[in-house]
Every structure is written in structure tokens, then in C-alpha cells.
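Heads up: the structure comes next, in C-alpha cells.
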Amino acid sequence: RNVVVAMVAVLLLQTALLLQTAAALTGSFWVITDIHLADDFVEGTDPATFCTQGTGSAGKFGYFNCDSPQYTLLPAALNFMGSIPADFTLWLGDSPTTYTEHPAHIETEDMIYSDMQQAVSDISTGLYGEQVFPSLGNHDHYPKDQIKLPPNNFFGSIYKMWAHWLPSSVADTVLAAGYYTAEVVPGLRVISLNTDFCDTANIFAVLNQTDHGSQWAWLNETLATAQARGEKVIVIAHIPPGLIDLVPVPNWVNFCVETYNTLMDEYAGVIAIQLFGHLHYDTFRVIRDAAGRPVSTAHVVPALTPRAASSTGLAPPTPGKNPAVRLYHYDTDTFQILDYDQYWADLVAGNEQGELKWELLYSAKDYYGLPDLAPSTFATLAERLRADAETWAAFSDVWFVRRPYDACDAACRLHAACAAAWTDPDAFFECTRHL
């Protein structure tokens with residue numbers, strides 16, 4: 001009997017050591033995007049006025065299709081993020097409000113910088129001592145979308161805001177054109193791109209499609225160096241490649257799409273993951289080679305703001321969304337992305353109770369039944385969105401973070417599936433022909 005007890009004890013100890021070792025080999029990092037602070041948000045106002053006037057249901061933490069109240073939603077999110085320790089945080093841009101449709105809302109350059117400085121201050125305080133890697137959004141300059149091409153003194157202001165988080169080695173490229181690379185730990189680095197030079201809403205980029213700020217030449221060189229060193233790379237940026245799900249409009253100019261896809265194909269073995277924001281809802285984009293084979297995946301992370309991007313410009317209008325932040329898990333030896341946990345807060349319940357309660361919305365592998373997060377797996381998931389009603393139901397439940405989008409019909413579903421499957425405009429439109 002004593003021998004049996006001893007054997008059981010040894011097995012339990014071995015199991016505990018194995019679990020401890022597995023945990024030690026797993027790291028995590030937070031992703032937050034599209035904060036959109038609304039300094040004119042007023043609690044108790046009418047959401048039809050973007051929560052700025054009248055009387056209505058605008059609550060303490062915001063309301064659907066209004067932007068984030070300046071002093072409540074972001075601190076609540078950061079407090080939650082701080083309760084689950086992570087190795088670093090990725091911030092994908094867009095601090096100021098989006099209310100260009102609001103006739104009483106007049107943006108100024110000072111307002112834009114004030115919102116950005118407020119977001120930087122809140123994140124620095126809320127995640128005190130944690131490494132943060134930021135990206136520049138299309139609202140993070142004045143006027144929105146119309147960032148002028150380099151040389152541009154604007155980037156000096158950006159560098160001053162970011163400098164306390166980043167090594168001094170980033171200064172040259174941030175000051176020149178708002179992009180950079182930085183080592184996270186030996187063997188893993190972040191590349192932060194400035195996608196404003198690709199924005200189809202930026203008239204300067206549309207009329208002059210070339211390598212602004214030498215960003216793509218630099219990216220090629222940086223990825224080649226990472227490959228030679230045996231490093232893995234996390235690519236972060238604000239605007240994702242591909243098309244908007246609900247209206248067939250490309251996010252990027254053709255030059256950027258073609259150049260980026262070529263680089264992602266050439267250095268597919270170097271890329272750990274690509275992360276974008278901008279769209280405000282939860283989706284992904286499969287990056288493919290010239291033959292149509294999946295080589296990489298761009299994850300589009302849902303926004304913190306309750307506002308759905310361009311909700312007043314879509315047909316049919318979107319319902320707004322609940323606040324969201326995301327936690328990724330990775331292998332600290334190989335830097336392979338293992339899974340992610342999507343967290344959310346019920347905005348209605350939070351406003352009623354006076355406190356936001358953050359909960360796990362889903363874990364990617366378990367929720368979608370994925371064996372891994374490989375590009376081929378996401379290509380298959382995109383096909384399932386088209387063909388499988390159960391997969392579509394699961395996707396649509398979290399698309400706008402637990403806000404039902406009942407107006408999305410068969411054509412809408414097809415557009416969402418094809419946008420996930422193809423970033424090339426011609427391939428997207430070919431995909432949408434087969435309802």
C-alpha cells in the first residue's frame with residue numbers, strides 16, 4: 001500500500017511540474033483599439049444627438065453608436081486589463097471622437113491633440129509600468145483621414161506622446177513618417193505601420209500612390225533582418241487591408257494592397273500575427289499569395305467605443321456595439337500565437353448598475369472549433385461563414401459584440417464572408433458573385 005501511495009504522489013508531482021512548465025512557456029498580451037474619447041458626451045442625453053443634447057438613455061459608460069465618455073469607459077477597461085497581468089499591450093490607434101456627422105460637433109486641431117494626450121495619460125496611469133506599443137490611427141491627426149504626406153512636422157508631436165514607452169531607436173522613423181520597430185524580448189519584435197498613407201479616404205494618398213516615407217522599403221528591409229536573425233514579428237497598424245464588410249469599398253489604395261500582400265507572402269515564416277482595428281467590429285482578413293493560397297491572417301480587433309464605425313453611412317445601419325478588449329496567448333519559446341480571449345462588457349447592465357463587469361465573450365479555438373490559428377484555418381473559417389448556418393450564427397453573435405444585427409440579409413452575409421476571405425478587390429468581387 002505504501003508503494004502505491006508513493007507512486008501516486010510521484011505522479012501528482014510530475015503532473016504539477018508539467019502544468020507549471022506549460023504555464024511558464026505561455027505568455028500573453030493585451031490589445032485595445034479605437035478608444036474614441038468624446039469630450040462632449042453628456043450622461044442622460046439623447047443617443048440620436050450622439051449623446052450630446054436633449055434627454056435620453058445615454059448612460060455613465062456610454063451608449064450604442066455614441067463614442068466613449070471621456071472619463072469613465074477607458075479607465076474601467078484599463079482597470080480590468082490590469083487585473084489580468086500580461087507581458088505587454090498593443091494599442092492600435094484612434095483616440096479622438098468620430099462625430100463628423102454631428103452638425104454641432106466642430107473638430108479643432110487642439111481638440112484632437114487633447115484627446116490623444118488624455119488617452120496616453122490614462123493608459124500610462126492605468127497600465128503603469130507596463131510596456132505599450134502604439135500605432136497611429138486615421139483620427140489621430142487633424143483633419144481626420146487627411147494626413148499630409150512626409151515631410152510633416154506633425155510626427156514630432158506623436159513622438160513626444162509615445163517616447164516614454166519606446167526605445168530611442170524608433171525616433172528616426174517615427175519623426176519621419178509615424179512608423180517604427182522595437183524589440184519586445186530577444187527573438188520577438190513589434191512592427192508598427194502607419195496605414196494613413198494607404199487610406200482610401202485620404203485624398204493625398206489616393207492621388208499619389210507611392211511609398212510615402214519609404215515605409216514599404218523599410219518594412220522589406222526590417223522583415224529581411226528579422227528573418228536573418230531568426231526573429232518573429234507582430235505587425236500592428238490601424239486600418240486593415242481589404243474591403244469594408246457591409247459596403248464594397250477598399251480600405252487601402254491598390255499600391256499598398258499589392259505591396260503589403262507581396263511582403264506578407266515573402267516573409268510569411270517571420271510573421272507571428274497581424275493586428276488591426278479601425279472597423280470597430282470583430283472580424284479577420286486572410287492574406288493570400290498570387291496563387292490564392294493563404295499565407296497569413298490579419299486579425300481585426302473590436303473597438304472599445306460603443307460606436308460602430310460609420311454606422312450612419314451604412315445601409316442598413318449597424319446597431320452599435322458593446323465595449324471590447326482582447327487578450328492573446330503565445331508560446332514564449334517559439335512565439336507562436338496559441339489562442340485569444342475576447343472580453344466584453346454589457347453596456348446596458350453596466351449603466352444600470354453603475355459598474356461595468358467585464359466577462360469572457362469567447363476563446364477563439366473553442367468558440368469556432370479551430371485546431372490552431374494558422375492562415376489555412378482562417379481561410380476554412382471564412383468558407384464556413386458562407387456555407388454553414390451554425391458558424392454564421394456564432395460569428396454574427398460576436399460580430400458587433402453581442403449586439404444583434406438583424407438587418408444583415410443573405411447579401412450582407414456574403415459580403416462579410418468574402419471580405420474575410422480576400423483582401424484583393426478583384427478577388428473579393430468575384431467571391432461576391434456566388435451567392
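Along the sequence shown, residues are numbered consecutively beginning with 1. Being a predicted model, the structure only gives us computed values, none of them experimental.
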Report the residue from Thr97, Asp67, Asp115, Ile123 that forms a side chain to side chain contact (heavy atoms under 4.5 Å, CB included) with Ile35. Ile123

Could you tell me if the side chain of Met111 sits less than 4.5 Å from the side chain of Pro96, heavy atoms only? no

Donor-acceptor under 3.5 Å (Ser114 side chain, Asp110 main chain): no

Return the orientation label for the Tyr180 and Trp162 ring planes: parallel under 30°, perpendicular over 60°, tilted otherwise. perpendicular

Is any side-chain heavy atom of Arg288 less than 4.5 Å from a side-chain heavy atom of Arg293? no

Counting C-beta onward and ignoring hydrogens, is there a side-chain heavy-atom pair between Lys357 and Asp346 closer than 4.5 Å? no

Can you sort out the partners of Tyr113 under ring pair (Phe, Tyr, Trp, His ring centres under 6.0 Å), two or more places apart, ordered by chain and number? none

Give a yes or no on whether the backbone of Ser396 and the side-chain of Arg413 come within a donor-acceptor separation of less than 3.5 Å. no

For this output row, return yes or no: ring centroids of His299 and Tyr328 closer than 6.0 angstrom. yes

Please answer whether the main-chain N or O of Ala303 pairs with a side-chain N or O of Lys321 as donor and acceptor at a distance below 3.5 Å. yes

At their closest point, which heavy atom of Pro319 faces which heavy atom of Tyr405, and how far apart are they? CD-CD1, 3.6 Å

Tyr281 and Asp245: CA distance, side-chain angles, deciding distance, side-chain contact (heavy atoms from CB on, under 4.5 Å) verdict: CA-CA 10 Å; Tyr281 44 79; Asp245 300 50; 2.9 Å; yes

Counting only N and O atoms by type, is there a donor-acceptor contact under 3.5 Å from the side chain of Ser192 to the main-chain atoms of Pro134? yes

Between Thr181 and Arg189, is a side chain to side chain donor-acceptor pair (under 3.5 Å) present by the stated rule, with each step listed? CA-CA 7 Å; Thr181 185; Arg189 71 175 45 253; 3.0 Å; yes

Steps toward side-chain contact (heavy atoms from CB on, under 4.5 Å) verdict (Phe133, Val184): CA-CA 9 Å; Phe133 297 98; Val184 182; 4.0 Å; yes

Please find the pair of heavy atoms, one from Asp122 and one from Leu78, that lie closest to each other, and give the distance. O-CD1, 3.2 Å

Just by modelled atom types, is the Val401 backbone N or O under 3.5 Å from a matching donor or acceptor in the Asn322 side chain? yes

Is it true that Asp339 and Ser363 share a donor-acceptor pair across their side chains at a distance under 3.5 Å? no

Considering non-hydrogen atoms only, spot the tightest contact between Thr283 and Ala420 and give its length. OG1-CB, 4.4 Å

Side-chain donor or acceptor of Ser95 paired with backbone N/O of Ala119 under 3.5 Å: no

Kindly indicate, with the supporting measurements, whether the criterion side chain to side chain donor-acceptor pair (under 3.5 Å) is fulfilled by His280 and Thr305. CA-CA 8 Å; His280 292 201; Thr305 178; 5.3 Å; no

Do the ring centers of Trp30 and Tyr343 come within less than 6.0 Å of each other? yes

Sub-6.0 Å ring centroid separation between His415 and Phe428: yes

Would you find a donor on one side and an acceptor on the other, under 3.5 Å apart, between the side chain of Thr377 and the backbone of Leu373? no

How about Tyr179 and Trp218: are their ring centroids closer than 6.0 Å? yes

Beyond-backbone contact of Val235 with Ile273, side-chain heavy atoms, under 4.5 angstrom: no

What I'd like to find out is whether the side chain of Cys51 reaches to under 4.5 Å of the side chain of Val42, using heavy atoms alone. no

Please list every donor-acceptor pair under 3.5 Å in which a side-chain atom of residues 81-94 meets a protein atom from a residue at least two apart or in another chain.
| residue | atom | partner | partner atom | Å |
| --- | --- | --- | --- | --- |
| Ser83 | OG | Phe80 | O | 2.5 |
| Asp87 | OD2 | Ser28 | N | 3.2 |
| Asp87 | OD2 | Tyr330 | OH | 2.6 |
| Thr89 | OG1 | Glu130 | OE2 | 2.4 |
| Asp94 | OD1 | Asn138 | N | 3.1 |
| Asp94 | OD1 | His139 | N | 2.8 |
| Asp94 | OD2 | His36 | NE2 | 3.3 |
| Asp94 | OD2 | His238 | NE2 | 2.9 |

Below 4.0 angstrom, N of the basic side chain to O of the carboxylate: do Asp34 and Arg307 qualify? no

Donor-acceptor pair, side chain of Thr210 and main chain of His212, under 3.5 angstrom: no

Which pair of heavy atoms, one from Val300 and one from Pro240, lies closest together, and at what distance? CG2-CB, 4.0 Å

State, to 0.1 Å, how close Gly62 and Asn351 come at their nearest heavy-atom pair, and which atoms those are. O-ND2, 2.8 Å

Please report the shortest heavy-atom distance between Asp196 and Asn202, naming the atom on each side. O-ND2, 3.2 Å

Would you sort out whether Gln215 and Asp211 count as a side chain to side chain donor-acceptor pair (under 3.5 Å), showing the intermediate values? CA-CA 6 Å; Gln215 178 171 225; Asp211 188 6; 5.9 Å; no

For Tyr260 and Gln274, what are the C-alpha separation, side-chain angles and deciding distance, and is it a side chain to side chain donor-acceptor pair (under 3.5 Å)? CA-CA 12 Å; Tyr260 186 76; Gln274 305 166 54; 2.5 Å; yes

Does some side-chain heavy atom of Ile337 sit less than 4.5 Å from a side-chain heavy atom of Phe29? yes

State, yes or no, whether a side-chain contact exists between Glu352 and Val348 at a heavy-atom distance under 4.5 Å. yes

Is the centre of the Tyr340 ring less than 6.0 Å from the centre of the Tyr362 ring? yes

In terms of side-chain heavy atoms, does Glu258 have a donor or acceptor partner in Asn254 at a distance below 3.5 Å? no

Is Ile287 close to Thr423 at the side-chain level, that is, under 4.5 Å between some pair of heavy atoms? yes

Donor-acceptor contact below 3.5 Å, side chain Arg384 vs main chain Tyr368: yes

Thr45 side chain to Phe41 backbone, donor-acceptor under 3.5 Å: no

Angle class for the Phe276/Trp252 ring planes (parallel below 30°, perpendicular above 60°, tilted otherwise)? perpendicular

Asp372 atom CG: more than 12 heavy-atom contacts under 6.0 Å: yes

side-chain contact (heavy atoms from CB on, under 4.5 Å), that's the test. Do Ile112 and Asp140 meet it? Break it down for me. CA-CA 7 Å; Ile112 297 299; Asp140 293 333; 5.8 Å; no

